[in-house]
Visitor: 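My questions will all concern the structure given below.
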Protein chains: 2
Amino acid sequence: MVDGKLQDHSTEEKIMDAAIKVFTQKGLAGARMQEIADEAGVNKAMVHYYYRSKQNLFENIFKKKVKELFRAISIILAADKSFEDKVRSFIETEIEVISQFPTLPLFVLNEAGKNPAILEEVFEEGGPKQMIGLFKMMVEHEVNQGNIRTISFEELLINIMSLCIYPFVARPILQFVLDKDDLDYKDMIESRKQTIADLIINDLFIKRDQ
Amino acid sequence: MVDGKLQDHSTEEKIMDAAIKVFTQKGLAGARMQEIADEAGVNKAMVHYYYRSKQNLFENIFKKKVKELFRAISIILAADKSFEDKVRSFIETEIEVISQFPTLPLFVLNEAGKNPAILEEVFEEGGPKQMIGLFKMMVEHEVNQGNIRTISFEELLINIMSLCIYPFVARPILQFVLDKDDLDYKDMIESRKQTIADLIINDLFIKRDQ
DNA sequence: GTCTATAGGCGGATAGAC
DNA sequence: GTCTATCCGCCTATAGAC
């Protein structure tokens, strides 16, 4: 922070990385400042020195991570592609982003569920809400043009999100009941990029309402 | 417990009900024995008197709830119905059961994620694994008969679970970004009984593999 | 069975030397 | 900036009177 020299990881960054790991694994209530310090290889007092309080550090991380989750998606939707390609990219990117950090969705959903008020701060600065608006316009345009069957943007959005995200959220339980090791599970998720997209797309282009 | 007289709620039951409420809202780490006692309207010492320790009370509840979630489904699958009707009943029942206790899925998924070892105890006594086996046989039979397109039972199971459960898990965040009040959200979920079933069924009966 | 009181330890936060 | 030592409140659990 002080000078311009390249440091692999400043203390501040080491603490942030460690805190992300511990908070996403244990949650706000389950995390311990001592564990964050140990994970970062620094003294517990340093954690307070840089981030003041546990609550403050947590909110810091929560906001940062929610924004990351939505950023990639926004870029896809704004791209110059056909509707079908956007939907396929949407799904593929969503799965790829989450694969980088598979514990993130459960972390975010869980903490948002325990303290919904925190969402209001995070969703101020346009990001997610803007993405939703963009998606809504796209879908309604396609429906009005008769390119896809009649469907609300909400239904489509929830279907896509459900199919992409749930396998990460339910991973331990699914892996257990389906007797899959880590590699099998990764392969399964990888293959879903294709199958989810096919499921969604086929549904959209089929005539259902007479 | 002692005599046969009907009591609306014995102390033991009041504590259990209170503990379910607090644990499902706050999680294991976030729950407080004092809060459970207050919620039950009894003294904190009584909670320990009946259930010994926090950990013990928690595991008690966790196991009980996981079994409840799978019981209804097992009954559906064993019923004497066509495959399509079973799938439709499966979806409808799953949504209805969870609607009775909407915070349950996130609770179970979250705690299973934090301590996967707990699953091994719960899934001993046949229930869930048996249900999976039944479902697997059903799907493979339909595929072999050529009644539905080629699909693995795992893919189908995960798709159905995802579409049914995710809206409950992500409720706070979805309700927020979609600007829905509680009633709107309930209506939306209710309508999904039909739309999810249509999506799944249409996919199964379509020829995709040439 | 139900209560009060308290033990005992953990964990967040800070003071203060270096 | 980094460390050690310590404060203090909170929370689980139990002892013991009634």
Side-chain angles (χ1 to χ4, degrees), chain A residues 1-63 107 110-111 114-115 117-118, chain B residues 1-63 107 110-111 114-115 117-118:
Chain A
M1 290 292 288
V2 175
D3 54 32
K5 284 180 188 165
L6 290 176
Q7 294 173 280
D8 270 3
H9 276 305
S10 68
T11 298
E12 195 174 359
E13 288 167 336
K14 279 191 294 190
I15 293 172
M16 175 55 73
D17 291 346
I20 290 171
K21 185 173 176 186
V22 175
F23 274 126
T24 52
Q25 274 173 13
K26 308 283 178 78
L28 169 58
R32 296 290 166 256
M33 296 297 265
Q34 184 61 59
E35 194 181 351
I36 292 172
D38 291 348
E39 181 75 32
V42 302
N43 191 282
K44 188 175 61 156
M46 299 308 293
V47 184
H48 283 96
Y49 174 80
Y50 282 106
Y51 296 99
R52 207 201 268 322
S53 72
K54 183 183 179 185
Q55 185 68 31
N56 182 58
L57 177 53
F58 167 77
E59 290 180 10
N60 204 320
I61 290 172
F62 183 85
K63 291 175 192 173
F107 167 70
N110 192 45
E111 299 298 340
K114 289 191 168 56
N115 176 23
I118 200 177
Chain B
M1 289 294 287
V2 173
D3 55 31
K5 285 181 188 166
L6 291 176
Q7 295 173 279
D8 269 3
H9 276 304
S10 68
T11 298
E12 194 173 1
E13 287 167 336
K14 279 192 293 189
I15 293 172
M16 176 54 74
D17 290 346
I20 290 171
K21 184 172 176 187
V22 174
F23 274 126
T24 52
Q25 274 173 13
K26 307 285 178 76
L28 170 58
R32 296 293 166 249
M33 295 298 265
Q34 183 62 59
E35 194 181 350
I36 292 172
D38 292 347
E39 182 73 33
V42 302
N43 191 282
K44 188 176 58 158
M46 298 308 293
V47 183
H48 284 95
Y49 175 79
Y50 281 105
Y51 296 98
R52 208 200 265 326
S53 72
K54 182 183 177 184
Q55 185 69 30
N56 182 57
L57 177 54
F58 167 78
E59 290 180 11
N60 204 320
I61 290 171
F62 183 84
K63 291 174 191 172
F107 168 70
N110 191 45
E111 299 297 339
K114 289 190 167 59
N115 176 24
I118 199 176

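As a basis for the values below, the full set of heavy atoms in this structure was taken, side chains included, without hydrogen atoms, waters or symmetry mates. Below, chain A is the first sequence line, B the second, and so on; all start at residue 1.
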Visitor: Round to a whole Å and report the spacing from OH of B:Y50 to P of C:dG1.
Guide: 5 Å
Visitor: Can you find a heavy atom in the side chain of A:N43 that is under 4.5 Å from one in the side chain of A:Y49?
Guide: no
Visitor: Rounded off to whole Å, could you give me the CG-to-C1' distance for the A:N56 and C:dG12 pair?
Guide: 14 Å
Visitor: Return the nearest nucleotide to the side chain of A:M33; candidates are D:dT2, D:dA13, C:dA13.
Guide: C:dA13
Visitor: Which nucleotide wins on minimum distance to the side chain of A:A45, given the candidates D:dT12, D:dT14, D:dC3?
Guide: D:dC3
Visitor: Send over the distance from A:F58 CZ to C:dG12 P, rounded to a whole Å.
Guide: 14 Å
Visitor: Output the rounded distance in Å from NZ (A:K44) to P (C:dG12).
Guide: 7 Å
Visitor: Please report, rounded to the nearest Å, how far the C1' atom of C:dG12 is from the CD atom of A:E35.
Guide: 15 Å
Visitor: Ignoring backbone atoms, test whether A:S53 places a side-chain nitrogen or oxygen under 4.0 Å from the OP1 or OP2 oxygen of C:dG12.
Guide: no
Visitor: Starting at atom CD of A:Q34, determine the distance to atom C1' of D:dC3, rounded to an integer number of angstrom.
Guide: 13 Å
Visitor: B:A29 near the nucleic acid: base, sugar-phosphate alone, or nothing, with a heavy-atom cut-off under 4.0 Å?
Guide: nothing
Visitor: Flag the pair A:L28 / A:K54 as yes when at least one side-chain heavy-atom distance between them is below 4.5 Å, and no otherwise.
Guide: yes
Visitor: Using a cut-off of less than 4.0 Å, is there contact between a side-chain N or O of B:H48 and OP1 or OP2 of D:dT14?
Guide: no
Visitor: When you compare the side chain of B:E12 with that of B:Y51, does any pair of heavy atoms fall below 4.5 Å?
Guide: yes
Visitor: Rounded to whole angstroms, how far apart are CE on A:M46 and P on C:dG12?
Guide: 17 Å
Visitor: I'd like to check A:F58 versus A:E111 (side-chain heavy atoms, cut-off strictly below 4.5 Å). Are they in contact?
Guide: yes
Visitor: Can you find a pair of side-chain heavy atoms, one from A:I20 and one from A:M16, that are under 4.5 Å apart?
Guide: yes
Visitor: Is the base of C:dG11 touched by the side chain of A:K54 through a donor-acceptor pair closer than 3.5 angstrom?
Guide: no
Visitor: Round to a whole Å and report the spacing from CD1 of B:I36 to C1' of D:dT12.
Guide: 11 Å
Visitor: Counting only side-chain heavy atoms from C-beta out, which of D:dT2, C:dC3, C:dG11 sits nearest to A:R32?
Guide: C:dG11
